[in-house]
**Student:** 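Take this structure first; my questions come after.
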Amino acid sequence: IVVYIYSLNYTKFLSENFFLCGWIFYLCGITAVYSAYRAYKTTKLKSRFAYSTISQLSYILSSIFIANKLAIMGAVLHIISHSLCKISLFFIAGIFSSVYGVHSTKEASKLAPHLKFWIACLAFCGASIIGIPYLPGSFGKDLMIISEMQTHHYSSVIFLICGSLINILYIFPIIKAGFFTKKVGKKSLIEIPLTMRLAI
């Protein structure tokens with residue numbers, strides 16, 4: 001819509017004027033940080049990933065409104081990497097809820113040591129969404145940050161970094177429970193259906 005209907009030039013004209021559309025950078029930034037905070041505070045696993053999605057989409061929208069080639073590349077790349085990683089996170093949450101009847105992060109943390117492979121998948125996808133260097137999600141975020149720096153949208157850079165740091169707070173506890181819990185006895189678990197495993 002921005003590239004082929006409004007055009008980059010017209011979008012840039014709008015976003016460079018604070019009263020026309022420039023305020024949207026602050027709206028996106030506040031939305032991103034607030035929804036990341038809500039993700040951190042919620043105890044429901046699926047809700048946590050849903051709030052995280054709102055946060056990531058806010059970064060993407062903010063980058064799109066910069067309306068130059070680099071910003072659009074970063075936004076599109078992050079749409080692709082984020083969608084693949086986030087759907088995997090929702091599928092893993094689906095394993096917890098559908099197979100084991102676990103919905104809260106506290107219950108998931110208790111089960112995590114017995115599902116190390118799936119927690120490793122969660123760690124990879126979570127770290128990618130955070131933007132850990134050289135993982136898929138980092139490349140789009142890097143391009144978005146570079147384009148924001150080049151166009152002097154420093155507030156957007158601060159919002160993105162703050163949101164990413166909050167992401168660590170709500171992803172890491174489940175990973176910690178999966179790999180760093182001491183004295184975990186063996187537990188017999190229901191086998192995860194093949195269709196669910198193949199989807200992930």
Side-chain angles (χ1 to χ4, degrees), residues 23-66 74-112 115 118-132 135-145 148 153 155-179 196 199-200:
W23 49 266
I24 203 156
F25 293 107
Y26 298 94
L27 179 63
C28 287
I30 291 164
T31 302
V33 172
Y34 177 68
S35 52
Y37 171 74
R38 287 297 300 270
Y40 169 65
K41 292 300 286 183
T42 188
T43 56
K44 290 184 179 179
L45 201 56
K46 284 185 180 179
S47 296
R48 182 166 284 190
F49 296 148
Y51 279 122
S52 170
T53 302
I54 297 168
S55 184
Q56 300 300 320
L57 291 176
S58 296
Y59 302 138
I60 290 164
L61 192 59
S62 184
S63 186
I64 286 169
F65 273 94
I66 289 170
V76 171
L77 187 56
H78 197 60
I79 287 170
I80 296 165
S81 61
H82 171 259
S83 62
L84 292 170
C85 290
K86 187 53 66 69
I87 198 62
S88 297
L89 290 178
F90 272 112
F91 282 165
I92 292 164
I95 286 175
F96 281 104
S97 62
S98 299
V99 180
Y100 302 113
V102 167
H103 303 280
S104 76
T105 52
K106 192 174 181 180
E107 291 171 330
S109 294
K110 289 177 183 175
L111 201 58
L115 299 168
W118 302 109
I119 299 302
C121 291
L122 186 145
F124 177 85
C125 294
S128 176
I129 288 166
I130 289 163
I132 301 298
L135 293 179
S138 68
F139 299 105
K141 278 194 171 181
D142 285 350
L143 292 178
M144 288 192 289
I145 288 173
E148 287 161 359
H153 287 96
S155 60
S156 295
V157 176
I158 292 165
F159 286 132
L160 195 153
I161 291 169
C162 288
S164 295
L165 291 173
I166 298 170
N167 288 351
I168 296 169
L169 297 177
Y170 63 75
I171 291 288
F172 183 69
I174 301 171
I175 299 165
K176 182 184 176 184
F179 292 104
M196 294 180 84
I200 299 170

**Student:** To the nearest 0.5 Å, tell me how far Leu122 CG sits from Leu89 CG.
**Tutor:**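 Reported value, rounded in 0.5 Å steps: 5.0 Å.
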**Student:** Do you know which two heavy atoms are closest between Gly163 and Val33, and how far apart they sit?
**Tutor:**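 Closest approach of Gly163 to Val33: N-CG2, 4.3 Å.
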**Student:** Who passes side chain to side chain contact (heavy atoms under 4.5 Å, CB included) against Leu77, sequence neighbours left out?
**Tutor:**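 Partners of Leu77 under the side chain to side chain contact (heavy atoms under 4.5 Å, CB included) test: Phe139, Leu143.
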**Student:** How far does CH2 of Trp23 sit from CD1 of Ile30, to the nearest 0.5 angstrom?
**Tutor:**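 So the gap between those two atoms works out to 11.5 Å.
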**Student:** At what distance, to the nearest 0.5 angstrom, does CG of Leu111 lie from CD1 of Ile95?
**Tutor:**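 Leu111 atom CG to Ile95 atom CD1 measures 10.5 Å (nearest 0.5 Å).
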**Student:** Please report, to 0.1 Å, the donor-acceptor pairs under 3.5 Å made by any side chain of residues 164-172, with sequence neighbours excluded.
**Tutor:**
from	atom 1	to	atom 2	distance (Å)
Ser164	OG	Ile130	O	3.4
Ser164	OG	Lys141	NZ	2.8
Ser164	OG	Leu160	O	3.0
Asn167	OD1	Tyr170	OH	2.6
Tyr170	OH	Ser52	OG	2.9

**Student:** Which atom names give the shortest non-hydrogen contact between Ser138 and Ile132, and what distance separates them?
**Tutor:**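 Heavy atoms only, the tightest pair is CB-O, 3.2 Å.
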**Student:** Which value, rounded to the nearest 0.5 Å, describes the distance between Leu115 atom CG and Ile174 atom CD1?
**Tutor:**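 The distance works out to 11.5 Å.
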**Student:** Are any non-hydrogen side-chain atoms of Phe49 and Lys86 less than 4.5 angstrom apart?
**Tutor:**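 Yes, close enough: below the 4.5 Å cut-off.
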**Student:** If a pair satisfies side-chain hydrogen bond (donor to acceptor under 3.5 Å, both in side chains) and one of its residues is in residues 24-36, list it, with sequence neighbours excluded.
**Tutor:**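 Every side-chain hydrogen bond (donor to acceptor under 3.5 Å, both in side chains) pair that includes a residue of residues 24-36, provided the two are not neighbours, is Tyr34-Arg38.
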**Student:** For the residue pair Cys121 and Ile92, establish whether any side-chain heavy-atom pair is separated by less than 4.5 Å.
**Tutor:**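 Cys121 vs Ile92: side chains touch.
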**Student:** Look at the side chain of Ser128 and the backbone N and O of Phe124, then say whether any donor-acceptor pair between them is shorter than 3.5 Å.
**Tutor:**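 Here the side-chain-to-backbone pair does not exist.
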**Student:** Is the backbone of Ile79 close enough, under 3.5 Å, to the side chain of Ser83 for a donor and an acceptor to pair up by distance?
**Tutor:**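 Yes, the answer is positive, given that a donor and an acceptor are paired below the 3.5 Å cut-off.
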**Student:** Would you say that His82 contacts Ile129 through its side chain, given a criterion of any heavy-atom pair below 4.5 Å between the two side chains?
**Tutor:**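 Sidechains of Ile129 and His82: in contact.
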**Student:** Can you name the closest pair of heavy atoms from Ser63 and Met144 and give their distance?
**Tutor:**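 Of all heavy-atom pairs spanning Ser63 and Met144, the closest is OG-CG, 3.3 Å.
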**Student:** With rounding to the nearest 0.5 Å, note down the distance linking CD1 in Ile66 to CG in Leu61.
**Tutor:**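 Rounded to the nearest 0.5 Å, the CD1-CG separation comes out at 11.0 Å.
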**Student:** Within a reach of under 6.0 Å around CZ of Phe90, are more than 12 heavy atoms found that belong to other residues, nucleotides or ligands?
**Tutor:**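 Result for CZ/Phe90: enclosed.
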**Student:** Test of understanding: with side chain to side chain donor-acceptor pair (under 3.5 Å), list the residues that count as partners of Ser58, not counting sequence neighbours.
**Tutor:**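 Once residues adjacent in sequence are excluded, Ser58 has no partner under the side chain to side chain donor-acceptor pair (under 3.5 Å) criterion.
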**Student:** Determine yes or no for a side-chain-to-main-chain donor-acceptor pair under 3.5 angstrom, with Arg48 supplying the side chain and Thr43 the backbone.
**Tutor:**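 Not confirmed, Arg48 side chain does not pair with Thr43 backbone.
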**Student:** So, taking the atom named SG in Cys162 and the one named OH in Tyr37, what distance separates them when rounded to the nearest 0.5 Å?
**Tutor:**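 One gets 14.5 Å once the value is rounded to the nearest 0.5 Å.
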**Student:** Not counting sequence neighbours, which residues clear side chain to side chain donor-acceptor pair (under 3.5 Å) with Gln56? List them please.
**Tutor:**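 Listed in chain order: His78.
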**Student:** Is there a donor-acceptor pair closer than 3.5 Å between any side-chain N or O of Ser88 and the backbone N or O of Leu84?
**Tutor:**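 Checked: pair present.
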**Student:** Considering residues at least two apart in sequence or located in another chain, which fulfil the ring-ring contact (aromatic ring centres under 6.0 Å, His included) criterion with Phe25?
**Tutor:**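 Counting only residues at least two positions away or on another chain, Phe25 forms a ring-ring contact (aromatic ring centres under 6.0 Å, His included) with His153.
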**Student:** For the residue pair Ser62 and Glu148, what are the closest heavy atoms and their distance?
**Tutor:**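 Closest approach of Ser62 to Glu148, heavy atoms only: OG-OE2, 4.3 Å.
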**Student:** Give the minimum heavy-atom separation between Cys125 and Cys85, together with the two atoms involved.
**Tutor:**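 Closest pair (atom of Cys125, atom of Cys85, distance): CB-O, 3.6 Å.
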